[in-house]
Amino acid sequence: MTNEKPRVRFAPSPTGYLHVGGARTALFNLLFARNTGGTFLLRIEDTDVERNRPELVQGILDDLKWLGIHWDEGPYFQSERLDLYREAAQRLLVAGSAYPCFCAPSQYAGPEAREESEETEEEAAPMARQSCPCRHLSMADRESKIREGLPYAIRFHVPEEGSTSFQDEVFGQREVANSEIEDFVLLRSTGLPTYQLSVVVDDIAMGITHVVRGADHLSNTPKQVLLYRALGAKPPIFGHVPLILGPDRTRLSKRHGATSVGAYAEEGFLPEAFRNFLVLLGWSPGDDTELLDSDEMVRRFSLPSVSRTNAVFDRAKLEWFNVQYLQKLPIERLLPYVEKALRDAGIWREEWNGSERAWLARTVDLLRPRTRLLGDFATWARAFFTDDFDYDEAARAKFWKDERLPGMLEKLVTALEAAPEWDHDNCEKALRDLAAAEGVKAGLLINATRVAIVGRAVAPPLFETMVVLGRERVLRRIRQALPAIATQ
RNA sequence: GGCGCCAUAGUGCAACGGUUAGCACGGCAGGCUUUCAAUCUGCAGAUCCGGGUUCGAUUCCCGGUGGCGCUACCA
């Protein structure tokens, strides 16, 4: 091994949004690069014209940036490097490491179709495997078929003897018998490369020293190692990271609900919380530390400490992380997120960026111990920002029951109007004095008032809430609630 | 089917071959208070099974089982 600085890459294919598994792979790549002083590049693997959705590329880049995953080079697009792959395939053909295959492509295209047609597949399997008949075609036959204009793919000629081994920093030294590896296609009959070819050609061209990717690629790695050698290049070191599974222990997919990181961003998760959650899926710093900031992750990350066991995505724990970060985030950094949430809900007011900035900060701070997602500011805390809110059914039923309430609340309004100063202590005094005079527990009035002014049973302590809402709004809301309370 | 990988509470992670197997999330039960989705306290909960190796296996080896992956002219 030379002393060159590591070069790693994340290579998503734009067939969908950035999903959590890919995001974590990208994160591990980034951490490894930063930890070793290496370079992290981004490459878009868009060689499958059928499934490719170019318009998704930007979203993937945005999601990576959202997560704080910034690349040093790229993005490179494989679709712009097709000549390279064709050249490589030609070279292998000439060198005898590959041969033209004139067989018709398998008809069982999609994974679904493959599953459905089990029997057919089994019958088809023996033929497709080990020896494609074209492997044994004579030179003359090959040339005449090509001259006839028959379409052909280029297959790699896997040696029948020996074995192929490679170093994996996570799974250890691997070795597989070449007899287990089938002659795989390098170049489709369309002239487009398959993944196996393009990934190796590019990793060589880009000087990739460490390939960190999902463990689903583990079984195919020997093929690629063979390719490296055939192309006269030294294989990199690999690091396969375990997969992330859904709660049912199958691979994470759309039917598990949100699987794209963009969806979590929209849902109101903080990027640093999401990243912290992600990094602990398949890795741990070795002790019981759970809350790690970016620097600490970089400092403590290493490939050998990555687990070999698949991990199940646990949304509850993700939310817990979000709560942790939500509580700690400096208010000035939190406010922009809140602004977005309120804007999305259509209840943002411009003065909160101006004269009422302090009020906003104070209110958000009051609210935040009870929030789990950024969206909570616009949902359960809605009444703090707009008069347009509803009374929660369960809250009404629980706290508006007492038929003495309407009368007492009218008196409360009067008392509050008379408060010398609109602050916590005066509000509290007005209410408690009234409760005492009426011979009821203060809680009765407190809870009923809370529901009246914020519509919910869950909210910050009442008197602080009252201060933040202001006298005028509090009195108005209590009055407005009176009829509903009377009929409860 | 073939090949491979993996296996500690429900979940995520710890435990030089020697610990009462630890932490966190979640769950449950209480406390507090003015509500709880806030907060405090407590409780339950795991080494997949069977063989070895060893004075001693969660840990090493073999077998089984299970899960997952690959087995495409997808990546």
Side-chain angles (χ1 to χ4, degrees), chain A residues 11-15 45-48 50-52 101 103-111 113-114 118 121-122 125-126 128-129 151-155 171 174 176-177 179-182 184-196 198-199 213-223 240 242-243 245 247 249-251 277 280-291 307-321 323 327 368-372 376 380 395 398-399 428 431-432 441-447 449-451 454 456-463:
Chain A
S13 72
T15 54
E45 310 222 315
D46 52 355
T47 56
D48 182 356
E50 303 285 299
R51 308 191 315 150
N52 221 21
C101 168
C103 300
S106 164
Q107 307 151 33
Y108 319 110
R114 288 162 58 78
E118 270 176 41
E121 191 192 358
E122 270 176 46
R129 296 300 169 267
Y152 64 95
I154 296 178
R155 275 184 195 276
F171 286 87
R174 302 279 112 193
V176 328
S179 59
E180 296 297 337
I181 307 171
E182 60 275 14
F184 52 98
V185 170
L186 299 172
L187 203 68
R188 302 159 158 112
S189 49
T190 57
L192 290 171
T194 62
Y195 167 73
Q196 310 289 166
S198 60
V199 76
R213 61 184 5 168
D216 48 342
H217 291 291
L218 195 53
S219 299
N220 279 326
T221 303
K223 293 177 186 170
H240 287 94
L243 268 23
L245 311 177
R249 293 206 159 269
T250 65
R251 209 178 187 171
F277 167 72
L280 258 19
L281 248 31
W283 176 77
S284 97
D287 56 24
D288 291 331
T289 309
E290 298 230 77
L291 267 7
S307 159
R308 289 172 298 280
T309 314
N310 291 167
V312 172
F313 187 91
D314 180 7
R315 186 194 163 95
K317 185 132 188 185
L318 168 60
E319 282 192 20
W320 178 81
F321 274 108
V323 170
Q327 304 319 316
R368 86 158 125 177
R370 260 153 275 253
T371 65
R372 301 179 69 75
D376 290 347
W380 80 262
K398 187 173 178 190
F399 294 121
E428 176 159 25
L431 186 142
R432 287 193 190 279
K441 288 174 66 176
L444 176 68
L445 292 178
I446 289 171
N447 291 324
T449 304
R450 178 183 297 109
V451 178
V454 301
R456 319 225 135 211
V458 180
L462 181 68
F463 305 116

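A, B, ... follow the sequence lines: proteins, then strands. Residue 1 opens every chain. Just so it is clear, the structure is predicted and the values come from calculations on it, not from any experiment.
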Sugar-phosphate, base or nothing in reach of [X], heavy atoms under 4.0 Å:
| X | answer |
| --- | --- |
| A:Val312 | sugar-phosphate |
| A:Phe171 | sugar-phosphate |
| A:Pro369 | sugar-phosphate |
| A:Lys398 | sugar-phosphate |
| A:Ser284 | sugar-phosphate |
| A:Thr47 | sugar-phosphate |
| A:Arg251 | sugar-phosphate |
| A:Pro460 | base |
| A:His240 | nothing |
| A:Ser189 | base |
| A:Ala153 | base |
| A:Gly286 | sugar-phosphate |
| A:Thr250 | sugar-phosphate |
| A:Ala457 | base |

Check if the side chain of A:Arg308 and the base of B:C6 share a donor-acceptor pair of N or O atoms closer than 3.5 Å.
-> no

Can a donor-acceptor pair under 3.5 Å be found between the side-chain atoms of A:Asp314 and the base atoms of B:G12?
-> no

Report the base-pairing partner of B:A24 (Watson-Crick or G-U wobble, both distances below 3.5 angstrom), or none.
-> B:U11

Looking only at side-chain atoms of A:Asn220, point me to the closest of B:C13, B:G26, B:C70.
-> B:C70

Side-chain N,O (A:Arg432) to OP1/OP2 (B:U34) below 4.0 Å | yes

Within a strict 4.5 Å, meaning less than it, do heavy atoms of the [X] and [Y] side chains meet?
| X | Y | answer |
| --- | --- | --- |
| A:Thr449 | A:Leu431 | yes |
| A:Leu192 | A:Thr47 | no |
| A:Arg370 | A:Val458 | yes |

Heavy-atom donor-acceptor pair, A:Thr371 side chain to A:Asp376 backbone, under 3.5 Å = no

